[in-house]
Amino acid sequence: MSATHDAVVHQHPQPTAAHAARVVSAASVEARNDVTSAAHPRLFANYLTLVTVLGVGLLALVLLRLDPRVLAHVPPGQLLALGTCLALVVLGEVRPVLGSGTADPNGVTLSTTFVFPVLLHQGLVPAVVLHAVAITISGLVERKSARRTLFNLGQYVLTGAAGWAVLAAAGRRPTLEHPWVPATLWDLLPIVLAAVACFAANNVLVWIAVAAFEGEHPWRLMRDDLPFQAAVSCAQYGLAPLVVVLMQHAPQLVVLTVVPMIAIERSAAASRVSHEQATHDDLTGLANRKQLVHEATHAIADSARTGEPCALFLLDLDRFKEVNDALGHQVGDAVLRAVATRLTGALRPEDLVARLGGDEFAVLLRRVRDVEAALEVAVRLQAALDVPLEIDGQAIDLEGSIGVALVPDHADAYEVLFTRADIAMYLAKHERTGVEVYESSRDESSASRMGIISGLRTAIERGQLELHYQPKATLDEKRVVGVEALVRWRHPVRGLVPPDQFIPVAEQSGLMRRLTDEVIELALAQMGRWTALGMRVPVAVNVSFRDLVDLELVGRLRQRLAHHGVEPALLTLEITERVLTADLDTARITLEALRDLGVGLSLDDFGTGWSSLRLLRELPVTEIKIDRSFVWRAVTEPDDEVVVRGLTEMAHRLGLQVVAEGIETEETWQLIGSLHCDSAQGWHLARPLLADDATRWLAERLLPGVPPIAEPGCPPVAPVVDAPAVDAQPVDA
Ligand code: C2E
Ligand code: CA
Ligand code: CA
């Protein structure tokens with residue numbers, strides 16, 4: 001009486017070449033075994049439990065009321081009919097009809113064809129028992145999880161009960177002893193109503209489960225799924241009256257009804273293959289352009305209804321043509337397939353990846369919080385593509401350019417959205433930033449922004465970025481505890497450009513990753529030089545919060561540390577929360593890996609971000625840097641003195657180090673010292689220094705507790721008393 005169309009955990013259909021698109025979400029389908037991977041895990045788990053408890057409870061009631069003696073009086077023909085149905089239902093459960101374009105990769109099983117007639121002919125008890133036995137057998141044969149089998153049990157019992165209730169309301173109460181056989185045309189009415197009730201109950205139960213799992217709206221699933229489910233179900237329920245007549249008058253012929261069902265199964269399978277071919281790309285199994293348009297149009301409509309943005313990315317491989325020309329089409333094809341796998345691997349199951357032809361791909365995020373979140377996903381994709389591919393033993397370097405556009409920010413219809421994403425992609429490629437979000441206003445600010453971006457890219461390539469180092473010391477004895485590396489851009493015309501003029505811009509583009517890599521490289525190279533001079537200098541490097549969503553960051557860092565022979569413990573990353581990250585989970589993964597690597601983690605500008613305290617609780621940091629605005633005001637405003645004292649106390653309780661930044665005067669130094677901060681940084685101690693000046697400055701002082709490793713005869717421990725403020729560059733003044 002039901003389409004198996006069980007949401008909980010599907011068995012994946014054999015992926016034919018054309019069907020490979022579903023492979024894309026193979027992981028997600030597998031993951032359905034795991035409640036925790038649901039979009040709403042608690043809702044999903046509770047819902048499964050509810051359906052299971054209701055259904056299994058009802059089944060238990062039914063079984064309790066079953067009198068086994070009744071079986072002795074059932075005519076053999078009826079038993080034969082029941083046995084045949086049972087065999088066919090088991091078969092049907094194991095071989096589902098696969099749909100085309102249905103949300104449910106498990107398709108529809110033939111069981112309806114044989115369970116529904118039993119319900120009509122002999123009532124709820126045999127129908128439900130028969131289905132329960134079939135489900136249990138197929139669950140065992142196919143080694144389905146107990147959770148899935150139980151949910152299916154519940155689902156089918158409730159479905160049967162819905163049909164039975166309608167029949168009963170219409171005055172038809174068939175039982176094993178008193179079967180009912182429709183005789184007149186009027187008898188079709190309760191049958192149709194019962195079929196509708198079964199169909200609705202079964203599908204609603206499933207759509208809700210899928211919706212809770214995938215975070216989809218049940219309405220959307222229904223819209224996509226209904227046509228297929230309805231078509232197959234019509235054929236199945238339509239056959240029921242005939243099966244009933246056979247059960248009554250020629251039970252040995254019931255088995256023949258499997259013939260039209262096999263025909264339906266075959267034609268559904270054929271329609272699925274042709275649907276797949278029409279909507280998917282043969283080479284990669286991804287959706288094709290037609291499917292993208294279809295899905296995007298729906299997503300845009302959903303977004304208009306819910307107010308939640310959706311995003312389109314267009315992605316173009318930067319060096320694909322060269323690879324194809326140099327290594328041949330076969331390698332080219334393998335590259336495209338590998339890219340397809342990487343892209344899908346870096347996305348959530350509900351996102352859609354399409355290949356538009358050649359080396360052009362598209363990604364549809366059906367729902368995304370905002371532009372920032374979309375940008376993060378794009379940067380993650382870019383990072384996923386950046387890792388060289390291994391094909392036939394050859395390492396192939398690929399890079400992609402990604403253009404991002406959102407509904408409703410940039411467009412409200414598919415064509416406009418596509419064009420805007422395309423413009424953004426062109427910019428990303430042209431400016432070689434990797435990722436660009438469409439910007440509507442080609443006004444001056446965005447023109448100057450583009451100027452900065454393209455200039456900055458050149459700056460990185462030509463080595464125009466340099467680091468200045470600002471010392472940090474303990475408050476009490478002014479013993480040096482390390483330096484902070486601060487980037488500057490030595491512009492050929494504009495001179496030394498301070499970071500405030502380009503970091504925020506870079507953070508909004510795919511260029512930030514390259515900038516961070518360059519800064520880390522420069523810092524580690526300098527640390528290597530200091531190590532060679534016998535100086536162990538702890539260095540803090542600034543990274544943007546968004547850098548942490550790059551899962552490759554840790555691997556690259558580990559490799560560069562080893563390359564320069566730098567101990568991880570000497571490096572601290574200062575994380576600024578200038579941009580909010582949508583992806584705190586990924587950031588946490590990165591931070592935990594960094595902590596395991598032994599790198600220190602500091603929350604920069606602490607106290608200014610909206611979520612500083614939350615981040616402190618959620619992320620494995622080792623230090624906070626109290627923002628200079630608090631430090632400055634602490635001298636004049638008693639309230640700010642209280643804030644600094646409070647933050648320090650709290651951090652110490654959490655076992656964290658506290659650094660006060662921006663101390664310009666002796667007076668502030670004394671005050672902050674009395675508030676028990678561990679160390680401080682600021683012009684009062686020293687300005688940011690060029691590398692050579694920093695080396696000289698440091699060599700005159702010794703780092704406490706960290707003896708020199710190469711030169712045992714280094715200067716003795718000497719507190720820094722009123723170190724001259726060396727102004728490295730006018731920009732810092
Ligand atoms: P920040 O991390 O808070 O860095 C401290 C800033 O305060 C530096 O400005 C430093 O020169 C300045 N400063 C230090 N002591 C004093 C003082 O006593 N008084 C005053 N008025 N200022 C002081 P800078 O170098 O211009 O850096 C500005 C911001 O740019 C940094 O703030 C940091 O957020 C960002 N930044 C700098 N370098 C990098 C980098 O390599 N990567 C990233 N992602 N961000 C960076
Ligand atoms: Ca900093
Ligand atoms: Ca700071």
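Remember, it's 1-based here, ligands and their atoms both numbered in the order they're listed. What's counted below: heavy atoms across the whole structure, side chains too, no hydrogens, waters or symmetry copies.
- Of all atoms in ligand 1, listed by their number and element, those nearer than 4.0 Å to a heavy atom of Met512 are 44 (N).
- Nearest residue to atom 2 (O) of ligand 1 from Thr665, Ile520, Asp604, Asp627 is Asp604 (criterion: closest heavy atom).
- Ligand-side atoms of ligand 1 in range of Gln470: 14 (C), 15 (N), range being under 4.0 angstrom from any heavy atom.
- Looking only at atom types and distance, the side chain of Ser401 has a donor-acceptor partner in the side chain of Asp318 under 3.5 Å away.
- For the side chain to side chain contact (heavy atoms under 4.5 Å, CB included) criterion with Leu365, the lone passing option out of Leu312, Leu352, Val377 is Val377.
- Using a 4.0 Å heavy-atom cutoff, His468 is absent from the residues neighbouring ligand 1.
- Counting heavy atoms closer than 4.0 Å to ligand 1, residue Leu486 contributes atoms from both its backbone and its side chain.
- At least one donor-acceptor pair under 3.5 Å links the side chain of His410 to the backbone N or O of Leu406.
- Every atom of ligand 1 with a heavy atom of Asp605 under 4.0 Å away is listed here by number and element: 3 (O).
- Contact annotation: Glu661 places an N, O or S atom under 3.0 Å from the Ca ion (ligand 3).
- Side-chain polar atoms of Gln526 and Arg529 form a donor-acceptor pair below 3.5 angstrom.
- Among heteroatoms of the N, O or S kind in Glu574, OE1 lies nearest the Ca ion (ligand 2).
- Of all atoms in ligand 1, listed by their number and element, those nearer than 4.0 Å to a heavy atom of Glu484 are 2 (O), 4 (O).
- Only the side chain of Arg628 comes within 4.0 Å of ligand 1, counting heavy atoms alone; its backbone N, CA, C and O stay farther away.
- Each of the following atoms of ligand 1 lies closer than 4.0 Å to a heavy atom of Trp632: 19 (N), 20 (C), 21 (N).
- For ligand 1, the atoms closer than 4.0 angstrom to any heavy atom of Ile663 are 18 (O).
- Within the 4.0 Å heavy-atom cutoff, Pro688 counts among the residues contacting ligand 1.
- With respect to the Ca ion (ligand 2), Glu484 has OE2 as its nearest N, O or S atom.
- Shortest distance from the Ca ion (ligand 2) to Asp604 is reached at OD2 (N/O/S atoms only).
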